[in-house]
Amino acid sequence: MSLSEFQLIDTIRNFQPNFSDDIEGIGDDAAIIPVGQQSFVITTDSLVENIHFKMEWASPFQIGRKSAAVNLSDIAAMGAQPFGLFLSISVPKTVDYCWIEQFILGIKTFGVPILGGDTTSSKDSLFINITAIGKVDNNSIKRRSTAKSGDDIYVTGTLGDSGAGLYILQNNLDPVGFQSLVEAHLNPSPQLKIGTELAELREVHSMMDISDGLAGDIHHILDQSGLSATIDCDKLPISESLRTFCNKYDLDPIRFALEAGEDYQLLFSAEKKKCLPLPCVKVGELYTGPGQVKFLNSPSPDYKYTGYTHF
Ligand code: ADP
Ligand code: MG
């Protein structure tokens with residue numbers, strides 16, 4: 001039997017020795033290491049050529065930018081400010097100096113210093129790993145495990161654009177008119193500003209970033225907070241471009257919004273009916289229950305989604 005991604009992570013977690021109670025390890029978007037009144041939050045993400053990116057689709061600058069963005073998105077998800085990056089690359093012979101230079105410029109777009117890393121050769125594909133470190137006041141940290149029954153569920157921006165951009169690239173469709181969708185896939189932006197603004201709001205109880213699609217990722221908050229949810233598909237923020245694209249190719253925009261990954265918007269829960277001073281969209285509610293999601297106005301009456309897994 002092959003292991004699922006989450007079984008594998010659980011196996012690693014079960015082999016952990018007990019360590020200091022203050023430190024929070026596996027389970028959230030980043031590990032939390034308190035130092036006085038503040039904490040460092042630390043996360044790592046790998047990008048493998050032909051799995052996470054293709055050289056034909058993206059420039060070296062875009063690949064560098066996205067490698068940093070996906071890591072900084074986890075820093076944003078904790079409500080933290082970026083502090084530094086570590087970059088490890090395994091480089092095949094086909095990659096030259098100019099490529100690396102553009103790649104590094106892409107990483108540097110966010111203005112976060114590279115504090116170290118590692119470099120090796122690789123037989124054929126390019127392998128990138130970035131570790132991002134952030135800093136946050138202890139009482140501003142937003143976790144997945146602290147959502148409350150009765151909270152409203154929000155997202156910070158449109159969903160499904162990146163998935164449609166990937167669909168265009170994979171199926172070699174004409175991108176004219178749908179450049180914003182391709183852009184969303186190749187150049188995602190970590191929600192760092194709104195992440196720190198949400199961190200300051202006490203009524204925001206839990207937060208994570210959406211990397212694998214709302215319908216799957218919501219389960220991390222539900223499982224860790226011991227709650228169930230309703231998601232109203234009519235409330236999902238869907239861009240005009242995604243609607244037009246789906247009309248043209250007879251696709252369902254709601255499925256893109258629920259199931260496609262790599263939007264890197266933030267998903268959070270906040271005290272019911274609070275008027276948030278930020279541009280966020282309410283998509284559902286949390287209630288006491290066994291970790292289930294009810295989809296209102298869903299694509300089909302018995303719609304169920306178990307989530308994206310990397311294997
Ligand atoms: P994200 O999508 O936010 O990057 P993941 O779903 O990749 O988070 O990981 C969930 C949690 O599992 C995180 O806390 C991460 O640090 C941990 N994790 C993932 N893979 C491993 C691994 N190979 N070893 C230890 N911890 C892991
Ligand atoms: Mg994450």
Side-chain angles (χ1 to χ4, degrees), residues 5-6 9-10 13 24-32 39-45 69-82 132-134 136 140-149 151-160 162-163 188-231 236-237 257-271 276 278 280-286 291-293 305-310:
E5 178 192 356
F6 298 117
I9 296 171
D10 277 347
R13 196 203 313 242
E24 295 171 49
I26 298 174
D28 218 310
D29 292 283
I32 304 169
S39 289
F40 285 111
V41 294
I42 305 181
T43 179
T44 189
D45 262 301
V70 303
N71 276 279
L72 293 173
S73 177
D74 282 325
I75 297 297
M78 303 302 294
Q81 308 256 19
I133 303 174
V136 55
S140 300
I141 300 173
K142 300 298 179 195
R143 295 170 174 82
R144 296 173 175 185
S145 56
T146 44
K148 296 201 168 97
S149 179
D151 278 0
D152 287 330
I153 304 169
Y154 292 86
V155 294
T156 52
T158 59
L159 301 177
S162 174
S189 291
Q191 301 300 309
L192 287 160
K193 184 165 178 291
I194 198 160
T196 49
E197 286 165 353
L198 289 166
E200 295 309 310
L201 302 178
R202 294 188 61 165
E203 59 266 40
V204 174
H205 294 150
S206 71
M207 186 152 75
M208 65 176 296
D209 70 330
I210 307 177
S211 52
D212 294 336
L214 171 65
D217 279 342
I218 183 77
H219 283 280
H220 293 299
I221 287 180
L222 301 184
D223 294 348
Q224 292 185 32
S225 298
L227 297 170
S228 285
T230 50
I231 302 272
L236 297 172
L258 287 175
E259 298 173 10
E262 302 203 292
D263 282 309
Y264 298 105
Q265 295 295 337
L266 298 175
L267 166 66
F268 66 93
S269 78
E271 211 168 308
L276 294 178
L278 294 166
C280 301
V281 181
K282 182 187 158 186
V283 296
E285 284 170 29
L286 295 173
Q292 284 165 348
V293 184
Y305 184 70
T306 47
Y308 176 79
T309 151
H310 292 266

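Because only heavy atoms are used, hydrogens play no part in the values below, and waters and symmetry mates are left out as well, while side chains stay in.
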Spacing of CG belonging to Asp74 relative to CE belonging to Met78, to within rounding of 0.5 Å: 9.0 Å

Across all chains, not counting sequence neighbours, the side chain to side chain contact (heavy atoms under 4.5 Å, CB included) partners of Ser73 are Pro190, Asp209, Tyr264

Ser206 side-chain N/O to Thr146 backbone N/O, donor-acceptor pair under 3.5 Å: no

Minimum side-chain heavy-atom gap Leu198-Lys142 below 4.5 Å: no

With side chains defined as the heavy atoms from C-beta onward, is the minimum distance between Val283 and Pro237 less than 4.5 Å? yes

Holding to side chain to side chain contact (heavy atoms under 4.5 Å, CB included), I want the full list of residues that pass it with Ala132, two or more places apart in sequence or in another chain. Thr43, Asn71, Leu72, Ile75, Leu85

Pair Leu236-Val155, side-chain contact (heavy atoms from CB on, under 4.5 Å): steps then yes or no: CA-CA 9 Å; Leu236 297 172; Val155 294; over 6 Å; no

What is the minimum heavy-atom distance between Leu222 and Ala229, and which atoms define it? CD2-CB, 3.8 Å

By salt bridge (charged side-chain N to carboxylate O under 4.0 Å, His left out), Asp151 pairs with (sequence neighbours left out) none

Ile32 backbone acceptor or donor facing Glu24 side chain under 3.5 Å: no

side-chain contact (heavy atoms from CB on, under 4.5 Å), that's the test. Do Asp217 and Met208 meet it? Break it down for me. CA-CA 8 Å; Asp217 279 342; Met208 65 176 296; 3.8 Å; yes

Does any donor atom in the side chain of Gln265 or Thr156 lie under 3.5 Å from an acceptor atom in the other side chain? yes

Report the C-alpha distance between Lys148 and Glu271 in whole Å, list the side-chain angles of each, state the deciding distance to 0.1 Å, and finish with yes or no for side-chain contact (heavy atoms from CB on, under 4.5 Å). CA-CA 8 Å; Lys148 296 201 168 97; Glu271 211 168 308; over 6 Å; no

Looking only at heavy atoms, which two atoms of Pro188 and Glu262 are closest? And how far apart? CB-O, 4.4 Å

Between Ala80 and Leu192, what is the shortest heavy-atom contact and its length? O-CD2, 4.3 Å

Got more than 12 heavy atoms from elsewhere within 6.0 Å of CZ, Arg202? no

Of all heavy-atom pairs linking Ser140 and Ala199, the shortest is O-CB, 3.5 Å

Ile218 and Leu267: which non-hydrogen atoms are nearest, and at how many Å? CA-CD2, 3.9 Å

To the nearest 0.5 Å, how far apart are CG in Leu266 and SG in Cys280? 8.5 Å

Does any N or O in the side chain of Ser228 come within less than 3.5 Å of the main-chain N or O of Gln292, such that one atom is a donor and the other an acceptor? yes

Quick check against the 3.5 Å criterion: does Ser269 have a side-chain atom that pairs as donor or acceptor with the backbone of Ala147? no

Do Asp212 side-chain atoms and Gly261 backbone N/O form a donor-acceptor pair below 3.5 Å? no

Leu276 vs Phe268 side-chain heavy atoms within contact, under 4.5 Å: yes

I would like to know whether Leu227 and Ile221 meet side-chain contact (heavy atoms from CB on, under 4.5 Å); could you show each step before the answer? CA-CA 8 Å; Leu227 297 170; Ile221 287 180; 5.7 Å; no

Determine whether a donor-acceptor pair (N or O, by modelled atom type, separation under 3.5 Å) exists between the side chain of Asp28 and the backbone of Arg144. yes

Once salt bridge (charged side-chain N to carboxylate O under 4.0 Å, His left out) is applied, do any residues pair with Lys193, and if so which ones, sequence neighbours excluded? Glu197

With sequence neighbours excluded, tell me which residues meet side-chain hydrogen bond (donor to acceptor under 3.5 Å, both in side chains) with Asp223. none

Could you list the residues that satisfy salt bridge (charged side-chain N to carboxylate O under 4.0 Å, His left out) with Asp45, not counting sequence neighbours? none

Heavy-atom neighbours of Gln224 CD exceed 12 at 6.0 Å: yes

Main-chain N/O of Asp152 paired to Lys282 side chain as donor or acceptor, under 3.5 Å: no

Return the OG to NE2 distance between Ser145 and His205, rounded to the nearest 0.5 Å. 12.5 Å

Closest non-hydrogen atom pair, Leu214 against Ala257: CB-O, 4.1 Å

Leu286 versus Ser225: any side-chain heavy-atom pair under 4.5 Å? no

